[in-house]
Amino acid sequence: MTTAVLATTNPNKVREIRALLDGLDIEVVGLDHFGGIQPPEETGATFEENAALKARYYAAVTGLPAIAEDSGLEIDALGGKPGVGSARFGGVDSSYPEKFEKLYAMLAAAGGRDSTARFVCSVALVDGDQVRFAARGTVEGRISPEPRGTHGFGYDPIFFYPPEGRTLAEVSDDVKRAVSHRGAAFRALRTWLEGSYLNTTCR
Ligand code: ITT
C-alpha cells in the first residue's frame, strides 16, 4: 500500500481531509507521526505556491510523498484580504473573534459590512521533488453581518453560504465537505489518486 504524509499542522484540516480521503488504498500518516518537524515559512504569493512549498518541504524531510494544502478567505471589498495571510491575519496569536472584529472594522471603513467572499483551497501532492498533482477548489459566499454557528473552524462563522441560508459554522460536517473549497480540491485529488497515481505507484 502507498504511504503518504498529510502535511498540515492544522488539526481541523486533518479532520476534514481524512474524511475526504477515507476508503482510498493509501495510508495517510499525519505529521504527529514524525514529531517535532519545524514548519516551513510560507513565503509564496499565491495559494498554489504555498501548497507546493509545504508539500516539497515535508516530502524532503520525511522521505514520503506529501500532500499539503494552502487555504484562506478572500473578501472582495478588501481587495482579496486576508487571502494567503488568513492564518496570520491580525497576528498569529490573535483569536478568531479578534480577527472577525478587525475584518468588520476594515469593512466598515471600506463603506459597509456586506461583501462577497470566497474560500480557496489549493492542494499539491509532491513525490520526490516533483509536484505530481495540483488543484484548486473554491466556494462562493458573503460575509455574514455577525458571526454565527459553532461547527467548523477558522472563519466559518462569518462566511454566509447563500444556497444553505446559513454560515459554514452552522452546517453539518457532511454539508461542509460537500460544498467547501477543501471538499472540491480533495475530491479532484481523490479522482486522480484513484485513476492514475495509486495504479502506477508501488511503495
Ligand atoms: P498548515 O499551513 O500547517 O496547513 P495553517 O492553518 O497555517 O496550517 P494555512 O496557512 O493554509 O494553514 O492557513 C489557512 C487559514 O485559512 C486557516 O488557518 C483558517 O484561518 C483559514 N481557513 C482555511 N480553510 C478554512 C475553512 O474551511 N474554514 C474556515 N477558515 C478556513
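Side-chain atoms are counted along with the backbone in the values below, which use heavy atoms only and exclude waters and symmetry mates.
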Interatomic distance, CG@Leu103 vs CG@Leu73, rounded to 0.5 Å, equals 7.0 Å
Going hydrophobic residue to hydrophobic residue with side-chain gaps under 4.5 angstrom, can you get from Trp192 over to Val28?
yes
CG of Leu189 to CZ of Arg132: how many Å apart, nearest 0.5 Å?
12.0 Å
Given the rule in the side-chain contact (heavy atoms from CB on, under 4.5 Å) test, do Thr138 and Phe47 qualify, once you have shown the distances and angles that lead to the verdict?
CA-CA 12 Å; Thr138 59; Phe47 294 108; over 6 Å; no
Just grab all the side chain to side chain donor-acceptor pair (under 3.5 Å) pairs involving residues 150-163, residues at least two apart or on different chains.
Asp156-Lys176
Heavy-atom pair of closest approach, residues Ala68 and Ala55
CB-N, 3.5 Å
Between Glu194 and Arg190, is there a salt bridge with N-O shorter than 4.0 Å?
yes
Less than 6.0 angstrom from the centroid, inside 45 degrees of the normal: does Lys99 satisfy that with respect to the ring of Tyr96?
yes
Take Thr62 and Ile37 through the test side-chain contact (heavy atoms from CB on, under 4.5 Å) and record every step on the way to the result.
CA-CA 9 Å; Thr62 64; Ile37 304 176; 4.0 Å; yes
Could you tell me the separation between the OG1 atom of Thr46 and the CG atom of Asp70, rounded to the nearest 0.5 Å?
8.0 Å
Rounded distance [0.5 Å steps], CD in Glu41 versus CG in Asn50:
10.5 Å
When clusters are formed by joining ILVMFWY residues with side-chain heavy atoms under 4.5 Å apart, either directly or through shared neighbours, do Val126 and Ile26 land in the same one?
no
Is there a donor-acceptor contact under 3.5 Å from the side chain of Arg56 to the main chain of Asp129?
yes
Would Val131 and Phe133 show up in the same hydrophobic cluster when neighbours are defined by side-chain heavy atoms closer than 4.5 Å?
no
Carefully, step by step, assess Glu164 and Val179 under the rule side-chain contact (heavy atoms from CB on, under 4.5 Å).
CA-CA 10 Å; Glu164 284 285 326; Val179 304; 5.6 Å; no
Could you tell me whether Glu42 and Lys54 make a salt bridge, using a distance below 4.0 angstrom between a side-chain N and a carboxylate O?
yes
Above 12 or not: heavy atoms from other molecules or residues under 6.0 Å from NZ of Lys13?
yes
Decide yes or no for Ile67 and Ile17: does some side-chain heavy atom of the first lie under 4.5 Å from some side-chain heavy atom of the second?
no
Heavy-atom check, side chain of Glu49 versus side chain of Val84, under 4.5 Å:
no
Check Leu53 against Gly44 and note the closest heavy-atom contact, atom names and distance.
CD1-N, 4.1 Å
Nearest heavy-atom contact between Ser86 and Gly72 is OG-CA, 3.3 Å
Treat each ILVMFWY residue as a node, draw an edge where side-chain heavy atoms are under 4.5 Å apart, and state whether Val120 and Leu20 are in one component.
no
Counting distance only, does the side-chain N/O of Arg148 pair as donor-acceptor with the main-chain N or O of Phe160 below 3.5 Å?
no
Find out whether Pro40 and Tyr58 are in side-chain contact, i.e. whether some heavy atom of one side chain is under 4.5 Å from a heavy atom of the other.
yes
Test side-chain hydrogen bond (donor to acceptor under 3.5 Å, both in side chains), reference Arg142, set Asp76, Thr116, Asp114, output is Asp114
Shortest non-hydrogen pair, Ala59 vs Gly128, comes out as CB-O, 3.9 Å
Between Thr2 (side chain only) and Leu198 (backbone N and O only), is there a donor and an acceptor less than 3.5 Å apart?
no
Can you tell me how far apart CD1 (Ile143) and CD1 (Ile158) are? Round to the nearest 0.5 Å.
4.5 Å
Can you confirm whether Lys81 sits close enough to Ile75 that some side-chain heavy atom of one is under 4.5 Å from a side-chain heavy atom of the other?
no
In the single-linkage hydrophobic clustering (I, L, V, M, F, W, Y; side-chain heavy atoms under 4.5 Å), do Phe100 and Phe89 co-cluster?
yes
Answer whether the closest heavy-atom distance between the side chains of Glu16 and Phe186 falls below 4.5 Å.
no
Restricting to non-hydrogen atoms, name the atom on Ala135 and the atom on Ala188 that form the minimum distance, rounded to 0.1 Å.
CB-CB, 4.0 Å
Looking at CZ of Arg182 and OG of Ser71, how far apart are the two atoms once the value is rounded to the nearest 0.5 Å?
4.5 Å
Give me the atom names and distance for the closest heavy-atom approach of Gly137 to Ala185.
N-CB, 3.8 Å
Just so I know, are the side chains of Glu69 and Thr8 near enough to count as touching, which here means a heavy-atom distance under 4.5 Å?
no
Given the rule in the ring-ring contact (aromatic ring centres under 6.0 Å, His included) test, do Phe119 and Phe159 qualify, once you have shown the distances and angles that lead to the verdict?
CA-CA 9 Å; Phe119 276 123; Phe159 190 87; 4.5 Å; yes
Any side-chain heavy atom of Val139 sitting closer than 4.5 Å to one from His181?
yes
